[in-house]
Visitor: 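Have a look at this one before I ask anything.
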There are 2 protein chains.
Amino acid sequence: MNALIGLGDNRRPTIRDVAKVAGVSPSTVSRVLNGRGPVRESTRRQVEEAIRRLRYAPHPAARDLRLKSGHLLGLIISNLTFPFFGEVLKGVVETATARGYGVLLADSEGRLRRELELLEEVRRRGCRASLLITSAYRPEHALVLRRSGMPVVLASAHVADPEVPCVGVDNAAAAFELMQHLLAQGHRRIGIIRGPLDDPVTSGERLKGCRLALQGAGLPWDEAMVEEGDFSIRGGREAAERLLARGVAMTALFAFSDEMAMGALQALRRAGLRVPEDVALAGFDDLPLAEGLEPPLTTIAQPKGEIGRVSAGLAIDLAEGRPVQRIKVTVPHRLIVRRSTAAH
Amino acid sequence: MNALIGLGDNRRPTIRDVAKVAGVSPSTVSRVLNGRGPVRESTRRQVEEAIRRLRYAPHPAARDLRLKSGHLLGLIISNLTFPFFGEVLKGVVETATARGYGVLLADSEGRLRRELELLEEVRRRGCRASLLITSAYRPEHALVLRRSGMPVVLASAHVADPEVPCVGVDNAAAAFELMQHLLAQGHRRIGIIRGPLDDPVTSGERLKGCRLALQGAGLPWDEAMVEEGDFSIRGGREAAERLLARGVAMTALFAFSDEMAMGALQALRRAGLRVPEDVALAGFDDLPLAEGLEPPLTTIAQPKGEIGRVSAGLAIDLAEGRPVQRIKVTVPHRLIVRRSTAAH
DNA sequence: TTGTACGCGTTATCAA
DNA sequence: TTGATAACGCGTACAA
């Protein structure tokens with residue numbers, strides 16, 4: 001009596017098949033499925049038995065059509081290969097799954113145009129909300145975000161526009177703290193490897209924090225101490241090489257990603273400089289590799305998983321029209337001091 | 001005349017709205033959209049104009065319901081935070097997008113049970129095929145894969161079961177080559193850091209390659225030279241520490257991932273051993289960090305993007321019932337020799 | 001407490 | 001070349 005039932009042909013079972021097997025009407029099956037109306041206990045059991053035997057599952061498209069609500073969350077990411085984003089992604093998927101949403105993944109390859117196209121695309125595919133994970137937010141985004149016809153949450157970045165929901169750390173404060181730490185060690189000439197120039201937002205905030213810290217210590221801001229990198233290992237190595245080639249005298253170097261710091265470490269070593277004895281080194285993100293470097297890297301930890309979870313939760317809340325306390329969420333960062341900036 | 005048209009309420013426009021604006025029937029609009037039946041050129045233009053003005057896009061759920069075909073590809077991954085998988089993911093998304101498929105992402109967190117559940121879940125959500133990216137394939141998978149009711153491609157692993165479609169490198173051959181390289185440098189005592197014990201497949205193949213190479217050189221296989229790691233930096237460090245603590249004499253160390261090699265490098269350094277002078281070191285995968293280590297790491301390059309692209313293409317072909325040459329695809333690997341195994 | 005009938009937006013079939 | 005109609009599988013008024 002517990003045997004599975006196969007339909008004659010091998011089409012997937014519908015709610016009608018279940019009804020027939022259970023000896024009830026389709027609406028009753030629907031009620032059991034969704035726990036809506038009243039259903040006698042014995043009936044419920046019969047229906048559930050039938051569902052099990054047929055291995056029935058509601059057809060998602062039919063359900064979505066009827067309810068006008070795909071339970072899909074779009075996720076547009078500028079670089080699938082950044083380990084940082086991988087951890088954010090994990091958080092997104094976790095929350096989305098828990099709330100019954102699927103995650104539709106798209107890769108913008110860092111191209112602004114593509115990002116905007118994909119926003120359209122995921123909407124067409126029935127996503128009720130989207131997350132945008134990009135390392136280069138531009139003002140041009142705002143218009144598209146607003147007219148996209150669905151809530152779009154910017155994960156891992158803060159922008160001024162009050163209409164754009166954002167989740168991320170306080171970049172200025174984080175950079176400020178890290179600089180203070182370096183200053184406290186007595187460093188006065190601090191090199192900086194910022195992110196790409198076409199990302200005015202995140203790097204801009206961090207630079208602001210750096211400037212503030214220097215100012216607080218009565219030190220001048222020197223544009224010549226800043227080089228640009230693309231957040232990658234190679235980018236960091238090349239930026240550090242440019243800094244060294246220019247003959248910039250520095251006793252400390254702050255890279256805006258752990259990976260760039262890793263690259264910089266390599267460049268410094270090759271130049272015969274020891275870390276931290278000759279040059280102190282710091283990164284940003286606290287990736288696993290930060291602890292794996294020799295010496296282990298001082299850095300700013302971001303709650304990557306939480307950024308993902310909060311972003312997804314916010315996007316879903318907005319999509320479902322739930323009340324939301326704030327659309328700008330700042331998650332806590334943490335300064336992690338390791339040997340790469342140890343006093344000597 | 002080119003102005004956008006807004007509907008009174010703000011529901012999304014349907015094919016009927018387009019028909020009304022264009023002064024034709026819904027069927028005609030459908031024909032224009034799908035390029036099926038015959039349509040007079042002037043009519044087509046009117047319809048296209050209406051589509052543009054209404055910013056109309058077909059409702060995906062309605063379309064799927066009618067056509068019984070969601071254009072969705074499931075992607076179940078065991079560890080979203082492995083950089084290696086990130087690159088594979090990128091390839092998957094690229095091909096899926098190009099072929100009109102969305103990618104539905106799920107995270108199994110490396111748990112077998114969860115993987116099987118998610119396989120059900122993505123099917124319920126209307127995926128026509130799925131990819132499974134896992135570092136621990138178990139025989140238990142086979143049954144579920146077969147009864148899941150959709151094609152499932154195993155990306156980045158090869159299993160013996162002839163029914164299971166797989167895409168990946170020839171792990172045995174790759175490990176063999178790397179060992180040959182070490183042997184050619186005169187190494188006779190070679191430590192190995194394998195992957196997790198609960199992954200019999202990938203690590204098993206690589207071990208087989210190692211054994212074969214040693215055998216070819218007339219050297220014995222010594223189980224004591226093998227330690228287990230979980231593919232992570234920390235895992236590699238701890239495995240190397242265990243090896244050293246056991247007093248294993250080795251002049252070379254082969255880790256089955258670049259990240260474990262990075263961890264091992266740290267452990268060796270801390271033990272006062274120089275790489276490559278005292279111990280040669282090699283990894284697997286050729287992640288960006290391999291080149292960024294000091295010294296740069298000898299490793300096996302896998303075509304990560306291609307693995308993703310081929311897997312996705314294969315899954316979609318199977319889903320659409322297209323003819324497929326082979327369901328077992330071996331993609332080429334490449335030995336990359338860098339300073340970490342330089343002769344001295 | 002349960003069943004009947006309708007419509008969600010689309011495409012395919014058929015008749016005009 | 002075009003239009004009317006039915007059906008995909010589900011949830012929900014409304015009637016029983």
Side-chain angles (χ1 to χ4, degrees), chain A residues 7 9-48 50-51 54-72 100 123-128 149, chain B residues 7 9-48 50-51 54-72 100 123-128 149:
Chain A
L7 278 47
D9 34 15
N10 60 347
R11 56 184 236 284
R12 64 184 283 167
T14 76
I15 202 170
R16 260 185 263 262
D17 297 314
V18 177
K20 200 165 295 173
V21 169
V24 298
S25 79
S27 37
T28 301
V29 178
S30 175
R31 276 190 282 264
V32 170
L33 282 169
N34 304 301
R36 317 294 278 193
V39 161
R40 190 189 321 194
E41 188 50 32
S42 64
T43 315
R44 137 164 295 121
R45 281 222 298 279
Q46 280 175 33
V47 171
E48 281 166 348
I51 290 176
L54 284 167
R55 307 188 67 224
Y56 167 80
H59 192 300
R63 185 172 215 152
D64 289 352
L65 178 57
R66 181 62 236 243
L67 297 177
K68 296 168 167 296
S69 78
H71 278 59
L72 267 186
R123 191 189 65 95
R124 272 213 317 279
R125 282 194 182 275
C127 290
R128 294 186 57 188
Chain B
L7 278 49
D9 34 17
N10 60 347
R11 55 184 239 284
R12 67 184 280 168
T14 75
I15 202 171
R16 261 185 262 262
D17 298 314
V18 177
K20 199 164 297 174
V21 169
V24 297
S25 79
S27 334
T28 302
V29 177
S30 177
R31 276 189 283 264
V32 170
L33 282 169
N34 304 300
R36 317 294 277 196
V39 162
R40 191 193 323 209
E41 188 50 33
S42 63
T43 315
R44 139 164 293 122
R45 280 222 299 278
Q46 280 175 34
V47 171
E48 281 167 348
I51 290 175
L54 284 167
R55 307 188 68 224
Y56 166 81
H59 192 299
R63 185 169 217 157
D64 289 352
L65 177 57
R66 181 61 232 234
L67 297 178
K68 299 168 168 295
S69 78
H71 278 61
L72 267 186
R123 192 190 66 96
R124 273 213 318 279
R125 282 193 184 275
C127 289
R128 294 184 57 187

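The structure presented is a predicted model; accordingly, all values stated were derived computationally and were not measured. Per chain, numbering begins at 1; letters A, B, ... match sequence-line order. Heavy atoms only: backbone and side chains are in, while hydrogens, waters and symmetry mates are out.
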Visitor: Donor-acceptor pair, distance only, cut-off 3.5 Å: does the side chain of B/R36 make one with the backbone of B/S30?
Guide: no
Visitor: Are the side chains of A/T43 and A/V32 in touch, meaning some heavy atoms are under 4.5 Å apart?
Guide: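 Sidechains of A/V32 and A/T43: no contact.
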Visitor: How bent is the helix from C/dT1-D/dA16 to C/dA16-D/dT1, measuring the angle between the end axes built from five pairs each, rounded to 10°?
Guide: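 Answer rounded to 10°: the end axes differ by 40°.
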Visitor: In whole Å, I'd like the distance from the NZ atom of B/K20 to the P atom of D/dT2.
Guide: 20 Å
Visitor: Starting at NE2 of A/H71 and ending at P of D/dC10, how long is that distance when rounded to a whole Å?
Guide: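 Rounding to the nearest Å, NE2 of A/H71 and P of D/dC10 are 16 Å apart.
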Visitor: When all nucleic acid strands are considered with a 4.0 Å heavy-atom cut-off, which category describes A/D64: base, sugar-phosphate, or nothing?
Guide: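 Nothing: the residue A/D64, judged by heavy atoms under 4.0 Å, touches no strand.
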Visitor: Drop me the distance from A/C127's SG to A/H71's NE2, to the nearest 0.5 angstrom.
Guide: 12.5 Å
Visitor: Is there side-chain contact between A/E41 and A/R45, with heavy atoms separated by less than 4.5 Å?
Guide: yes
Visitor: Show the distances under 3.5 angstrom between N or O atoms of the protein and N or O atoms of nucleotides 6-8 of chain D.
Guide:
residue	atom	partner	partner atom	Å
D/dA7	N3	B/R66	NH1	3.2
D/dC8	O3'	B/K68	NZ	3.4

Visitor: Hey, what do you get for CG (A/L54) to NZ (A/K20), rounding to the nearest 0.5 Å?
Guide: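 Between atom CG of A/L54 and atom NZ of A/K20 there are 11.0 Å.
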Visitor: Would you mind reading off the distance between A/L33 atom CG and D/dT12 atom P, rounded to a whole angstrom?
Guide: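 The distance from CG of A/L33 to P of D/dT12 comes to 11 Å, rounded to the nearest Å.
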Visitor: Considering only nitrogen or oxygen atoms on both sides, find all protein atoms under 3.5 Å from nucleotides 2-5 of chain C and state each distance.
Guide:
residue	atom	partner	partner atom	Å
C/dT2	OP1	A/T43	OG1	2.4
C/dT2	OP2	A/R40	N	2.8
C/dG3	OP2	A/S25	N	2.9
C/dG3	OP2	A/S25	OG	3.1
C/dG3	OP2	A/T28	OG1	2.7
C/dG3	N7	A/S27	OG	3.3
C/dG3	N7	A/R31	NH2	3.0
C/dG3	O6	A/R31	NH1	3.3
C/dT4	O4	A/S27	OG	3.3

Visitor: Rounded to the nearest 0.5 Å, what separates atom CZ in A/R66 from atom CG in B/L65?
Guide: 12.5 Å
Visitor: Give, for atom CD of A/Q46 and atom OG of A/S42, the distance between the pair rounded to the nearest 0.5 Å.
Guide: 6.0 Å
Visitor: If I take atom CD1 in residue B/I15 and atom P in nucleotide C/dC8, what distance separates them, rounded to the nearest angstrom?
Guide: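 Distance, rounded to whole Å: 14 Å.
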Visitor: Within the structure provided, determine whether A/Y56 and A/V21 are in side-chain contact (heavy-atom separation under 4.5 Å).
Guide: no
Visitor: Return the value, rounded to whole Å, for the distance between atom CD1 of A/I51 and atom P of D/dC10.
Guide: 11 Å
Visitor: State, yes or no, whether a side-chain contact exists between B/R63 and B/N34 at a heavy-atom distance under 4.5 Å.
Guide: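 Heavy-atom side-chain distance check passes, below 4.5 Å.
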Visitor: State, with a plain yes or no, whether a side-chain heavy atom of A/L33 is found less than 4.5 Å away from one of A/I15.
Guide: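 Side chain of A/L33 against side chain of A/I15, heavy atoms only: contact under 4.5 Å found.
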Visitor: Does the side chain of B/R44 reach to within under 4.5 Å of the side chain of B/V47, using non-hydrogen atoms?
Guide: no
